[in-house]
Amino acid sequence: MQIKETPDMWVLRLCRRLRIPEVKQAAAECAPLIERQIEAAGLSADGPWLFVSHHLPKNGKTPFDWEICRPVTRPVAYTGSIELCHFEPIMVAARVHQGPLRTLFAQGYAPLVAEIEMSRHHFSGESREVYHDWRGPGAPYHRIEIQFGLSR
């Protein structure tokens with residue numbers, strides 16, 4: 001587990017209320033919309049895809065608030081249809097998962113949650129997945145950083 005501060009960033013963001021099994025479909029629908037908006041607005045991507053969850057449940061049946069975000073270079077002016085949002089730095093407990101997506105929860109989330117619970121830190125309710133190396137659905141290898149916001 002690594003404790004660190006996230007970078008200050010500007011992102012294009014789409015929000016949904018969904019369940020864990022619905023994330024895959026929502027990402028497939030939303031990512032192209034964001035990519036088209038970046039191109040149409042003349043923006044530049046400035047970092048990997050980011051999924052933000054608020055009060056991520058421990059089961060696949062409970063709805064939660066989810067955001068798909070793409071960092072962009074801060075524009076001078078923006079009038080696009082997708083929300084431009086500023087993320088200020090936050091403190092997180094982080095761990096990088098390297099492997100297939102099917103092992104993300106068992107080998108990525110579970111060990112990190114256990115480490116945080118055994119530490120002096122407390123969950124803020126926000127968690128993030130940073131897709132440093134996404135190779136497409138079904139690929140045998142990805143590099144995804146899991147981050148849990150920490151309350152002060």
Side-chain angles (χ1 to χ4, degrees), residues 1-58 60 62-113 116 123-150:
M1 172 174 74
Q2 180 185 17
I3 305 298
K4 66 181 191 176
E5 185 176 72
T6 62
D8 180 273
M9 67 181 104
W10 288 87
V11 302
L12 287 188
R13 170 175 79 177
L14 288 172
C15 305
R16 300 285 185 268
R17 182 142 182 93
L18 43 68
R19 297 179 226 337
I20 291 171
E22 299 167 336
V23 169
K24 180 180 177 181
Q25 182 64 35
E29 292 170 2
C30 294
L33 299 174
I34 292 173
E35 287 293 347
R36 284 195 292 274
Q37 184 67 72
I38 289 171
E39 185 176 333
L43 301 175
S44 298
D46 192 28
W49 285 97
L50 178 70
F51 292 179
V52 180
S53 300
H54 299 277
H55 304 288
L56 184 67
K58 294 181 180 182
T62 305
F64 66 101
D65 294 317
W66 175 83
E67 305 167 3
I68 181 171
C69 307
R70 183 67 191 248
V72 294
T73 303
R74 182 179 181 184
V76 175
Y78 174 74
T79 57
S81 59
I82 295 178
E83 180 184 14
L84 175 68
C85 184
H86 180 237
F87 284 3
E88 293 190 11
I90 63 169
M91 293 304 296
V92 298
R95 176 188 194 97
V96 175
H97 171 71
Q98 298 182 102
L101 198 55
R102 64 180 165 71
T103 63
L104 181 64
F105 284 95
Q107 295 177 11
Y109 273 89
L112 181 55
V113 167
I116 296 167
F123 296 95
S124 72
E126 179 178 317
S127 59
R128 300 177 178 186
E129 293 176 5
V130 183
Y131 287 79
H132 293 289
D133 186 2
W134 173 254
R135 299 183 181 199
Y141 176 86
H142 305 285
R143 191 163 54 88
I144 303 166
E145 182 176 352
I146 302 162
Q147 300 175 342
F148 280 98
L150 302 173

Chemist: What is the minimum heavy-atom distance between Leu14 and Cys30, and which atoms define it?
Modeler: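 Result for this residue pair: CD1-CB, 3.7 Å.
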Chemist: Could you pull out all residues at least two apart from Arg17 that satisfy salt bridge (Lys or Arg N to Asp or Glu O under 4.0 Å)?
Modeler: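 Listed in chain order: Asp65.
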Chemist: Are any non-hydrogen side-chain atoms of Thr73 and Trp10 less than 4.5 angstrom apart?
Modeler: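 With C-beta onward as the side chain, the pair stays apart.
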Chemist: Assess the residue pair Phe51 and Val130 against the criterion (side-chain contact (heavy atoms from CB on, under 4.5 Å)); give the C-alpha distance rounded to whole Å, side-chain angles, the decisive distance to 0.1 Å, and a yes or no.
Modeler: CA-CA 7 Å; Phe51 292 179; Val130 183; over 6 Å; no
Chemist: Could you measure the distance from the SG atom of Cys69 to the CZ atom of Arg13? Nearest 0.5 Å is fine.
Modeler: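 Cys69 atom SG to Arg13 atom CZ measures 6.5 Å (nearest 0.5 Å).
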Chemist: Check whether any side-chain heavy atom of Ile3 sits under 4.5 Å from a side-chain heavy atom of Met1, and report yes or no.
Modeler: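 They are in side-chain contact.
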Chemist: Are side-chain heavy atoms of Leu50 and Met9 found at a separation under 4.5 Å?
Modeler: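 Side-chain contact under 4.5 Å: yes.
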Chemist: How close do Pro48 and Pro71 get, counting heavy atoms only, and between which atoms?
Modeler: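 Heavy atoms only, the tightest pair is O-CD, 3.1 Å.
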Chemist: State the OG1-CG distance between Thr62 and Leu56, to the nearest 0.5 angstrom.
Modeler: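 Interatomic distance, Thr62 OG1 to Leu56 CG, rounded to 0.5 Å: 10.0 Å.
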Chemist: Applying side chain to side chain donor-acceptor pair (under 3.5 Å), which residue pairs with at least one partner in residues 44-54 are found, sequence neighbours left out?
Modeler: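 Passing the test, one end in residues 44-54: His54-Glu67.
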Chemist: Can you name the side-chain contact (heavy atoms from CB on, under 4.5 Å) partners of Glu22, sequence neighbours left out?
Modeler: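 Partners of Glu22 by the side-chain contact (heavy atoms from CB on, under 4.5 Å) criterion, ordered by chain and then number, come out as Leu18, Arg19.
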Chemist: Starting at CD1 of Ile68, measure out to CD1 of Ile34 and round the result to the nearest 0.5 Å.
Modeler: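 Rounded to the nearest 0.5 Å, the CD1-CD1 separation comes out at 5.0 Å.
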Chemist: Ignoring hydrogens and angles, write down the donor-acceptor pairs under 3.5 Å from the side chains of residues 87-109, residues two or more places apart or on other chains.
Modeler:
residue, atom, partner, partner atom, Å
Arg95, NH1, Glu115, OE1, 2.7
His97, NE2, Pro100, O, 3.2
His97, NE2, Thr103, OG1, 3.0
Gln98, OE1, Tyr141, OH, 2.9
Thr103, OG1, Pro100, O, 2.9
Tyr109, OH, Glu129, OE2, 2.7

Chemist: Between atom CZ of Arg16 and atom CH2 of Trp66, what is the distance when rounded to the nearest 0.5 Å?
Modeler: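 The CH2 atom of Trp66 is 7.5 Å from CZ of Arg16, to the nearest 0.5 Å.
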Chemist: I need the minimum non-hydrogen distance between Ile20 and Pro57, along with the two atoms involved.
Modeler: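 Looks like CD1-O, 3.6 Å.
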Chemist: Is atom NZ of Lys4 surrounded by more than 12 heavy atoms (other residues, nucleotides or ligands) closer than 6.0 Å?
Modeler: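 Correct, the count exceeds 12.
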Chemist: Are any of the side-chain heavy atoms of Gln147 and Thr6 separated by less than 4.5 Å?
Modeler: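 Of all side-chain heavy-atom pairs linking Thr6 with Gln147, at least one is under 4.5 Å.
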Chemist: Roughly how far, to the nearest 0.5 Å, is CG of Leu112 from CD of Gln2?
Modeler: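 Taking CD in Gln2 and CG in Leu112, the distance rounds to 11.0 Å.
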Chemist: So Glu126 and Val52, do their side chains get closer than 4.5 Å, heavy atoms only?
Modeler: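 They are in contact (side-chain heavy atoms under 4.5 Å apart), so the answer is yes.
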Chemist: Got a sec, which residues hit side-chain contact (heavy atoms from CB on, under 4.5 Å) with Pro75, two or more places apart in sequence or on another chain?
Modeler: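 Applying side-chain contact (heavy atoms from CB on, under 4.5 Å) to Pro75 gives Leu43, Tyr78, Leu84.
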Chemist: What residues, two or more places apart in sequence or in another chain, satisfy side-chain contact (heavy atoms from CB on, under 4.5 Å) together with Ala139?
Modeler: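 side-chain contact (heavy atoms from CB on, under 4.5 Å) list for Ala139, sorted by chain: Arg135, His142.
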Chemist: For side-chain hydrogen bond (donor to acceptor under 3.5 Å, both in side chains), just list the numbers for Gln37 and Glu35, CA-CA rounded to whole Å, side-chain angles, deciding distance to a tenth of an Å, and then say yes or no.
Modeler: CA-CA 5 Å; Gln37 184 67 72; Glu35 287 293 347; over 6 Å; no
